[in-house]
Number of protein chains: 2
Amino acid sequence: MKYSTKVSDAVHIMAFIALNPAGSLTSEKIAESIRTNPGCVRQLMSLLRKYGLLISIKGHPKPSLTKLPSDITLLDIYKAVEGEKSLLHLDTHTNPECGVGIHIQLALQDYFDQVQKCAEEEMQKITLQDILNRYQEKLFHLGELFERKVSEDL
Amino acid sequence: MKYSTKVSDAVHIMAFIALNPAGSLTSEKIAESIRTNPGCVRQLMSLLRKYGLLISIKGHPKPSLTKLPSDITLLDIYKAVEGEKSLLHLDTHTNPECGVGIHIQLALQDYFDQVQKCAEEEMQKITLQDILNRYQEKLFHLGELFERKVSEDL
DNA sequence: CATGTTGTTATAATTAAATTTACATCAAAG
DNA sequence: CTTTGATGTAAATTTAATTATAACAACATG
């Protein structure tokens, strides 16, 4: 299948809203940045809204976050758009007549759950604010490089 | 797309081989248990062989593990069949003209890497032997249930 | 009331994976 | 040495999850 970029795009949307607290933000503007179409953006926003992470009103192009970026975790966004889908997938197609097969899968499920739990705990440590901060750093760093380049050129 | 069950199936294959150290094990026998066809099994075995986790010889239906199950981790198997593919995927399609977009994605990459690292460390703690043990427990537990059922029926 | 945007749903297109097929190559048995 | 059966590999096909697209009713604003 295609790789899911829902989490990535959802973070993008959330960050975009956080960075535009005042101005009007249409789904089309956001879609331009993600390079997709407004329909996709609205679908993701619908999921984020249903999960209580943002508020938006029909016909009113001013979405807003329900919480501070420091109170929104990557896990929140993951759960909002991916639900209970996990990162590793069992093969549930194994031959049920084969006792070995089914029990190996059951055993493996326990360990996949363990990895999932670990990943989710890590995602819970990461907030939207962290991502915004890192974003600012990247921008600042780029600015520095540009400054140096200019002074070298003189 | 379809969900990848390569890790799951690869563990299945490795466990199957570990449980059949003596007998001849054809790709067809393994395929029956996973309920797929021999070609798929051979493709996965090829990846496992290239990564050095098992040995098998053309025309000789007796695959064997290169290490003790207690020395083979879930991470080994993951790397063998999934390579450097990670669990979470960035949207690399964002508009490069949109400075905000690209830098949010760059910032997010750092955090996706962090989650990946965490998951991989957890996978490294889990050995094939652990999975085999859990498998035995499940089998044993099922046996107990059966015993009880029989005695109740008397 | 006119315009523009959202929320929702249904449908199509895309893409990564699994499956299937085919065949050359090798091992073992007769 | 020949036959049989299995493997290793690669190409072509099918399947399935996701994204993209389109359409339209409902709502806000001026």
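So that the names make sense, note that chain A is the first sequence line, chain B the second, and so on, each numbered from 1.
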**Request:** Dump the intermediate steps for side chain to side chain donor-acceptor pair (under 3.5 Å) on A:Asp110 and A:Gln114, then the final yes or no.
**Result:** CA-CA 6 Å; A:Asp110 291 352; A:Gln114 180 179 325; over 6 Å; no
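- What separates CG of A:Leu47 from P of D:dT19 is a distance of 10 Å, to the nearest Å.
- Side chain of B:Gln124 to backbone of B:Leu74: no donor-acceptor contact under 3.5 angstrom is found.
- One can place NZ of B:Lys29 at 15 Å from P of D:dG5, the figure rounded to the nearest angstrom.
- The backbone N or O of A:Phe16 lies less than 3.5 Å from a partner atom in the side chain of A:Asn20, making a donor-acceptor pair.
- Nearest to the side chain of B:Lys2, among D:dA6, C:dT19, C:dT6, sits C:dT19.
- Look at OH on A:Tyr51: it is 20 Å from P on C:dG7, rounded to the nearest Å.
- In this structure, A:Leu25 reaches the sugar-phosphate backbone alone: every heavy-atom distance under 4.0 Å involves primed, P, OP1 or OP2 atoms, never a base.
- When side chains are defined from C-beta on, B:Ser33 does not count as touching B:Lys29, because their heavy atoms never get closer than 4.5 Å.
- Among the nucleotides C:dT8, C:dA18, D:dT7, the one closest to the side chain of A:Lys50 is C:dT8.
- Using a 3.5 Å distance cut-off with no hydrogens or angles, the side chains of A:Asn133 and A:Glu137 do not pair a donor with an acceptor.
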Tell me which donor-acceptor pairs under 3.5 Å the side chains of residues 56-71 of chain A have, and how far apart each pair is, sequence neighbours excluded?
unit_1: A:Ser56; atom_1: OG; unit_2: A:Arg49; atom_2: NE; d: 3.0
unit_1: A:Thr66; atom_1: OG1; unit_2: A:Gly52; atom_2: O; d: 2.7
unit_1: A:Thr66; atom_1: OG1; unit_2: A:Leu53; atom_2: O; d: 3.3

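- Separating the CD1 atom of B:Ile30 from the P atom of C:dA18 is a distance of 17 Å, rounded to the nearest angstrom.
- Taking atom NE2 of residue B:His89 and atom P of nucleotide C:dT14, one finds them 21 Å apart after rounding to whole Å.
- Between B:Thr5 and C:dA18, a side-chain N or O to OP1/OP2 separation shorter than 4.0 Å is present.
- Between the CE atom of B:Met45 and the P atom of D:dA10 there is a distance of 16 Å, given to the nearest Å.
- Between the C1' atom of D:dG8 and the CD1 atom of B:Ile13 lies a distance of 14 Å, rounded to the nearest Å.
- Between A:Thr26 and the phosphate of C:dG4, there is no side-chain N or O to OP1/OP2 separation shorter than 4.0 Å.
- Across all strands, A:Lys85 comes closer than 4.0 Å only to sugar-phosphate atoms, never to a base (heavy-atom distances).
- Residue whose closest nucleotide on DNA chain D sits further toward the 5' end, between A:Tyr3 and A:Pro38: A:Tyr3.
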**Message:** Using a 4.0 Å heavy-atom cut-off to protein, can you give one letter per nucleotide of nucleotides 21-30 of chain C, 5' to 3': B if the base is in contact, S if only the sugar-phosphate is, - if neither?
**Reply:** -B--BBSS--
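- Using modelled atom types, one finds no donor on one side chain facing an acceptor on the other under 3.5 Å when comparing A:His89 with B:Ser4.
- Using a 4.0 Å cut-off, no side-chain N or O of B:Ser4 falls inside it from OP1 or OP2 of C:dA16.
- Between the two ends of the helix from C:dC1-D:dG30 to C:dG30-D:dC1, each summarised by a five-pair axis, the helix axis turns through 20° (rounded to 10 degrees).
- Taking atom CD of residue A:Glu28 and atom C1' of nucleotide C:dG4, one finds them 11 Å apart after rounding to whole Å.
- Side chain of B:Ser8 to main chain of A:Asp91: a donor-acceptor pair is present (N/O by atom type, distance under 3.5 Å, no hydrogens or angles).
- Using modelled atom types, one finds a donor on one side chain and an acceptor on the other under 3.5 Å when comparing A:Glu120 with A:Gln116.
- Residue B:Ser27 places no side-chain N or O under 4.0 Å from the OP1 or OP2 atom of D:dA6.
- With salt bridges taken as basic N to acidic carboxylate O contacts below 4.0 Å, none links A:Arg35 and A:Asp9.
- Phosphate contact (OP1/OP2 of C:dT19, side-chain N/O of B:Thr36, threshold under 4.0 Å): present.
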